[in-house]
Amino acid sequence: MKNTAERHDHTIPIGILSLNSIMKQKDLWLSTLLLLLHPDQNPDTSLPYGADANPTGNPIGGGIGYNDIIQPNDPRVIAIIHDKAGLLAALNQAKPGDIVYVDGNAHIDLSGTFDIRIPGGVTIASNRGENGAPGGRIYQNAFAGDPQSGRPFNTDGPDIRITGLRLQGPYPTSENFRDGRHAIRSNHDNFEVDNCEIYEWGYAAIRLQDTGPDSGQYIHHNHIHTNLFTGTGYGIILFNSEVLIEANLFDNNRHSITGAGRPYCSFEARYNIVGPNAESAYFDMHQDPDALQWGGDWIWIHHNTFLGTDQNAYNQRGQPRTGAWIEYNIMDSRYAETGPVRQTFHDLAPEQSPYGKVYMSNNIIQGVLSKKGPVYYVHDARRYVEPTPYPANPRATETQLHLLCKENFE
């Protein structure tokens, strides 16, 4: 049996709580909007780069200072939970709009319990961040005979929220063990995870499965760390799903974000801080196993801060069907002299590998502003060069960007 002691680290590194403090000037946001819509314009080095651009009003990684913490006296709360029996009973009777509240001092052991169905429209909440509270803890130990690829929670309908909890798995190390265990799997629309600490799940913290495009998957203001299995080890993994990943603190995952390369694998990652500890690229898109020339659909990585130096910030396997836009990030990657972003193809000869559609612009790399590139094309003897000007990012519409920073225009 793998014993899960009470290991957690909800301490946010110095400076994160004030990372949005410089983003209250309308002129800066107007200039940023223009540059995102017109990336070939000369960059303005006075603009915010990296996660300092966080306009959400909440601290990156959640916790202390988070302002959307559900209270146990909320009239929507149907039960305050202290143990497994109470949790199962509450979820069994919960209806859309109900909240199941896990007491902030609870330590709920779900060892040997898998595939708990969260009904559509239900929220599971606790108090992470309130007066420094770590949040109620739900955990698993590992036993011989546990199912492979198991998880304690599955969605059983749309409009589910998980907030303010600690979710701890049984695997704090990088052992090469092929248990596909993860904390939560979403198969439904409008799934939200916020202000949680999710850690030590081995395979992955969160798995998004076949939810398709524009399905409202939203993972934000969490601390996701120490998911480390060799060959897997993901903070968030998506299969034919599209997701917005915002203002999270990642560290000590093999990959903090990974897509499986399928046609509807897409993500936007913004205002995240990625710590220095990882076993491979911090963000990653795989090749489509059924069509090796392709790797996902669209990817937009902007205004993130990557603190590590010894891995790629982003690894694109295959060619994205629409494109990958990497802009306004702070990076310090020096991995194997390939720089912060690379594109590679597995199981395809270099002459059969369609390099391209990775658009990197206006990033600060090792302290220096880079207007274009660099992207390293692995095994590329033809020395591919991405044509300019880059195509417009179809996700960076004026409407969307106004919504991103609407508070700063008022």
Side-chain angles (χ1 to χ4, degrees), residues 9-16 19 48-54 59-62 172-174 197-202 204-206 219 221-237 245-259 267-286 299-317 324 326-344 358 360 362-370 373-376 378:
D9 175 16
H10 55 87
T11 302
I12 305 299
I14 241 173
I16 292 176
L19 279 171
Y49 291 79
D52 280 3
N54 172 27
I60 292 172
T173 70
S174 59
E197 183 185 5
I198 311 176
Y199 56 113
E200 297 181 0
W201 288 95
I206 299 170
I219 313 300
H221 298 95
N222 302 287
H223 186 190
I224 299 175
H225 65 94
T226 317
N227 301 286
L228 282 170
F229 274 178
T230 302
T232 56
Y234 312 123
I236 301 166
I237 184 166
I245 301 168
E246 179 176 66
N248 299 283
L249 176 61
F250 295 106
D251 196 23
N252 209 30
N253 305 297
R254 181 170 167 271
H255 297 305
S256 288
I257 302 171
T258 290
F267 68 86
E268 178 182 355
R270 67 191 189 204
Y271 318 129
N272 300 287
I273 291 179
V274 186
N277 304 294
E279 299 296 323
S280 191
Y282 303 110
F283 296 171
D284 181 58
M285 179 62 73
H286 289 197
I299 301 95
W300 188 16
I301 300 169
H302 66 97
H303 293 100
N304 302 282
T305 296
F306 297 87
L307 299 177
T309 63
D310 60 351
Q311 301 293 344
N312 298 115
Y314 179 61
N315 182 42
Q316 172 69 51
R317 305 189 212 178
I326 301 105
E327 52 196 356
Y328 296 94
N329 302 285
I330 295 175
M331 307 169 169
D332 195 23
S333 174
R334 306 168 196 191
Y335 176 67
E337 300 181 354
T338 66
V341 173
R342 71 175 188 170
Q343 185 176 30
T344 186
V358 180
M360 189 173 176
N362 300 325
N363 296 282
I364 294 178
I365 303 170
Q366 296 180 30
V368 177
L369 181 63
S370 175
V375 177
Y376 184 84
V378 179

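Side-chain atoms are counted along with the backbone in the values below, which use heavy atoms only and exclude waters and symmetry mates.
Within the 3.5 Å criterion, the main-chain N or O of Ala51 finds a donor-acceptor partner in the side chain of Thr305. Side-chain N or O atoms of Asp52 include none that pairs as donor or acceptor with a backbone N or O of Gly50 at under 3.5 Å. Put simply, the side chain of Asn363 gets close to the backbone of Ile326: a donor and an acceptor are under 3.5 Å apart. At distances below 3.5 Å, not a single donor-acceptor pair connects side-chain atoms of Asn248 with backbone N or O atoms of Ile224.
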Exercise. Take Asn329 and Phe306 through the side chain to side chain contact (heavy atoms under 4.5 Å, CB included) test and state the conclusion after the steps.
Key: CA-CA 8 Å; Asn329 302 285; Phe306 297 87; 4.2 Å; yes
Exercise. Starting from the C-alpha separation in whole Å, work towards a yes-or-no answer on side chain to side chain contact (heavy atoms under 4.5 Å, CB included) for Phe267 and Ile301.
Key: CA-CA 8 Å; Phe267 68 86; Ile301 300 169; 3.8 Å; yes
Quiz item: Checking side chain to side chain contact (heavy atoms under 4.5 Å, CB included) for the pair Leu228/Thr173: CA distance, chi angles, key distance, verdict?
Solution: CA-CA 6 Å; Leu228 282 170; Thr173 70; 6.0 Å; no
Self-check item: Step-by-step side chain to side chain contact (heavy atoms under 4.5 Å, CB included) determination, Tyr234 to Asn227
Solution: CA-CA 6 Å; Tyr234 312 123; Asn227 301 286; over 6 Å; no
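Note that OG of Ser256 and CD1 of Ile237 are 12.5 Å apart. Values are rounded to the nearest 0.5 Å. Here Phe283 contributes atom CZ and Ile299 contributes atom CD1; the two are 12.0 Å apart, rounded to the nearest 0.5 Å. One finds the CG atom of Leu307 at 9.0 Å from the CG atom of Asp332 (value rounded to the nearest 0.5 Å). Summarising the geometry, atom OG1 belonging to Thr232 is positioned 6.5 Å from atom CZ belonging to Phe229; distances are rounded to the nearest 0.5 Å.
Take Tyr282 and apply the ring pair (Phe, Tyr, Trp, His ring centres under 6.0 Å) test, not counting sequence neighbours, and it matches no residue.
Looking at every heavy atom in both residues, Asn253 comes nearest to Thr226 through OD1-N, 3.4 Å. What you find for Met331 and Val341 is that their closest heavy atoms are CE-CG2, 4.3 Å. The shortest heavy-atom contact between Ile219 and Ile236 is CG2-CD1, 3.7 Å. Of all heavy-atom pairs spanning Asp284 and Arg317, the tightest one is OD2-NH2, 3.3 Å. Annotation for Ile365 and Ser370: closest pair CD1-CB, 3.9 Å, computed over non-hydrogen atoms. Annotation for Gly235 and Ala205: closest pair O-CB, 3.1 Å, computed over non-hydrogen atoms.
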Distance-only donor-acceptor pairs under 3.5 Å for side chains of residues 274-281, two or more places apart:
unit_1, atom_1, unit_2, atom_2, d
Asn277, ND2, Asp251, OD1, 3.4
Asn277, ND2, Asp251, OD2, 3.0

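Evaluated for a ring pair (Phe, Tyr, Trp, His ring centres under 6.0 Å) with Tyr328, the options Trp300, Tyr49, Tyr271 yield exactly one hit, Tyr49. Paired with Asn272 under the rule side-chain hydrogen bond (donor to acceptor under 3.5 Å, both in side chains), one option of Asn304, Asn54, Asn222 passes, and it is Asn304. Partner Arg270 forms a side-chain hydrogen bond (donor to acceptor under 3.5 Å, both in side chains) with one of His303, Glu246, His302 and no other, that one being Glu246.
Residues Gln366 and Pro340 have side chains not in contact (no heavy-atom distance under 4.5 Å, counting atoms from C-beta outward).
With no hydrogens or angles considered, a side-chain donor-acceptor pair links Asn312 and Thr338 at under 3.5 Å. Looking at Tyr314 and Gln316, their side chains do bring a donor and an acceptor atom within 3.5 Å of each other.
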